[in-house]
Amino acid sequence: MKQQAQLAQMMKGQMFDGFLLVRAASQKTSSNGGKYLDMTLCDISGEVNAKMWDALTPAPTVADVLRIRGMMLEYNGKPQLRVDKMRVAGPEDDYDMSALAPCAPRPAQEMLDEIMDRVAGIQDPQLRALVEMRLGEYGDKLRYYPAASKLHHAERAGLLHHTSTMLRAATAICAIYPELDADLLAAGVVLHDLCKITEMSSDEIGMVSDYTREGMLIGHLVQGVAEIARCGRELGVREELLVMVEHMVLSHHDLPEFGSPKPPMFPEAEVLHTLDVLDARMFEMRRALSSVQPGSFTERIWSLERKLYRPTRSSKAE
């Protein structure tokens with residue numbers, strides 16, 4: 001069946017009949033003692049809280065695709081889907097998974113090829129070997145891993161999306177500031193978030209179920225430095241280069257309260273941090289603004305600590 005509407009386009013009072021993906025689901029008890037299902041459902045346009053007031057229906061499993069019938073309502077000023085009927089989709093159902101799971105806007109292989117081409121262009125053989133070794137250790141996981149569980153680039157192949165966009169930005173900024181070591185910056189871009197793969201547990205849809213033990217106890221910055229050090233020793237990378245790459249990964253969050261014990265202490269490290277923040281914020285802004293009508297404000301965005309305004313018309317030339 002053809003999906004009737006995307007969640008981001010649903011208006012209050014509109015009926016929904018189609019397929020949605022489960023991001024979270026649990027059975028809860030209301031104030032009057034009744035049981036109900038509390039769910040977070042999504043399609044590629046966004047996610048919505050959903051309620052099903054049926055004590056007999058068990059909670060679906062995360063990453064299940066559900067056939068849903070219900071009505072879009074509003075609770076405390078936010079959209080909420082009242083689910084009247086639902087079932088787990090089967091092989092006989094005609095639905096497009098790419099319309100359900102938030103995913104990168106470009107094919108994963110295309111982004112990976114772009115990254116590998118840039119890595120192949122690194123002139124220093126030790127630096128190139130270090131980056132290639134780290135990429136090779138993650139194999140197919142690179143094709144679907146997100147860059148976060150909920151915030152920026154929390155999508156299938158989000159890590160590739162984040163990395164490839166930053167690489168493009170790095171190329172552009174190196175043309176403006178030619179004193180930058182473009183290859184060192186490119187290596188930092190590729191390596192800075194690679195240990196998100198060991199920090200989070202993700203399925204092949206790109207949905208994170210939880211943080212790993214390593215993610216909770218160590219985190220991707222420190223783990224990333226440790227893995228770079230290990231590979232550097234195996235490859236015999238010269239000490240100064242290895243320490244600089246380690247510093248770029250360790251400092252890319254800039255401040256201790258964001259996880260970096262050291263601030264960026266040379267230009268390429270500073271630019272890496274700046275590009276990381278820029279790409280993350282642009283992603284968050286783009287996603288938030290896509291869910292509101294022109295001429296209105298978003299709700300307060302937790303990660304940005306502000307509301308955003310969507311103009312009534314684009315500032316780009318018509």
Side-chain angles (χ1 to χ4, degrees), residues 103-128 130-132 134-135 142-143 145-148 151-155 157-196 220-221 224 228 241 244-255 258 260 263-290 301 303-304 308 310-311 314-318:
C103 60
R106 298 168 61 201
Q109 189 60 53
E110 179 182 307
M111 294 185 290
L112 183 57
D113 288 345
E114 182 178 309
I115 292 167
M116 295 305 297
D117 285 346
R118 179 62 186 91
V119 172
I122 293 176
Q123 295 301 303
D124 188 311
Q126 291 187 353
L127 183 60
R128 183 173 63 250
L130 177 64
V131 179
E132 288 177 341
R134 289 293 295 128
L135 286 171
L142 291 167
R143 302 176 190 276
Y145 243 79
L151 298 177
H152 76 88
H153 299 86
E155 57 186 3
L159 184 57
L160 289 179
H161 184 195
H162 181 46
T163 304
S164 61
T165 305
M166 285 181 63
L167 273 179
R168 291 182 174 189
T171 298
I173 205 166
C174 285
I176 301 170
Y177 300 102
E179 67 272 19
L180 291 170
D181 184 330
D183 284 349
L184 180 61
L185 178 57
V189 168
V190 175
L191 296 174
H192 83 285
D193 270 351
L194 265 188
C195 272
K196 291 285 188 77
H220 73 280
L221 277 74
I228 290 168
L241 176 61
M244 291 180 72
V245 175
E246 291 170 343
H247 174 77
M248 292 176 75
V249 172
L250 191 69
S251 67
H252 80 264
H253 282 187
D254 187 41
L255 299 172
F258 299 134
S260 283
M265 296 176 70
F266 51 85
E268 291 79 9
E270 178 66 27
V271 173
L272 173 63
H273 160 64
T274 301
L275 293 179
D276 186 41
V277 172
L278 175 63
D279 193 50
R281 288 184 175 179
M282 290 302 296
F283 181 94
E284 288 290 303
M285 288 184 171
R286 186 165 53 245
R287 180 171 62 177
L289 290 170
S290 69
I301 309 303
S303 60
L304 300 174
L308 301 176
R310 180 176 178 179
S314 172
S315 62
K316 293 182 180 179
E318 297 291 340

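These numbers come from the heavy atoms of this one structure, side chains and all, not from hydrogens, waters or symmetry mates. Here the structure is a predicted model, which is why all the values come from computation and not from measurement.
Between E284 and R281, no side-chain nitrogen of the basic residue sits less than 4.0 Å from a carboxylate oxygen of the acidic one, so the salt-bridge criterion is not met.
Residue A104 comes nearest to A157 through the heavy atom pair CB-O, 3.8 Å, listed as atom of the first residue, atom of the second, then distance. Across all their heavy atoms, R128 and A120 have their closest contact at CD-O, 3.7 Å. Scanning both residues, M166 and L272, for their nearest heavy atoms gives CE-CD1, 3.7 Å. Residue L135 comes nearest to L142 through the heavy atom pair O-CD1, 3.6 Å, listed as atom of the first residue, atom of the second, then distance. I122 and A187 get closest at one heavy-atom pair: CD1-CB, 4.5 Å. Scanning both residues, H273 and P264, for their nearest heavy atoms gives CB-CG, 4.0 Å.
Side-chain contact between S260 and D254 is absent, with no heavy-atom pair separated by less than 4.5 Å. No side-chain heavy atom of E179 sits under 4.5 Å from any side-chain heavy atom of P267. Contact of the M248 side chain with the L191 side chain is not registered, since no non-hydrogen atoms from C-beta on lie closer than 4.5 Å. Looking at M111 and T163, their side chains never come closer than 4.5 Å, going by heavy atoms from C-beta outward. Under the 4.5 Å side-chain criterion, counting only non-hydrogen atoms from C-beta, T165 is not in contact with L275.
Atoms CZ and CD1, on R287 and I301 in that order, are 8.5 Å from each other to the nearest 0.5 Å. For the atom pair CD1 (I228) and NE2 (H247), the distance works out to 12.0 Å, reported to the nearest 0.5 Å. Separation of atoms CZ (R118) and CG (D113) is listed at 15.5 Å; rounding is to 0.5 Å. Atom-to-atom distance recorded for T171:OG1 and L185:CG is 8.5 Å, nearest 0.5 angstrom. Here the OG-NE2 distance, from S303 to H152, works out to 9.0 Å after rounding to the nearest 0.5 Å. Here NE2 of H162 is found 4.0 Å from CG of D276. Values are rounded to the nearest 0.5 Å.
Annotation for F266: atom CZ counts as buried by contact number, over 12 foreign heavy atoms lying within 6.0 Å.
Aromatic ring pairs are classed by plane angle as parallel below 30°, tilted from 30° to 60° and perpendicular above 60°; the pair H161 and F283 is perpendicular. Using bins of under 30°, 30° to 60° and over 60° for the plane-to-plane angle, the ring pair H192/H252 lands in the perpendicular bin.
Residue E268 forms a side-chain contact (heavy atoms from CB on, under 4.5 Å) with just one option from D183, V189, D181, and that option is D181.
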Item to check | Check against side-chain contact (heavy atoms from CB on, under 4.5 Å), I115 and S164 | outcome: CA-CA 6 Å; I115 292 167; S164 61; 4.3 Å; yes
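When atom types are taken as modelled, the side chain of D124 and the backbone of L127 share a donor-acceptor pair closer than 3.5 angstrom.
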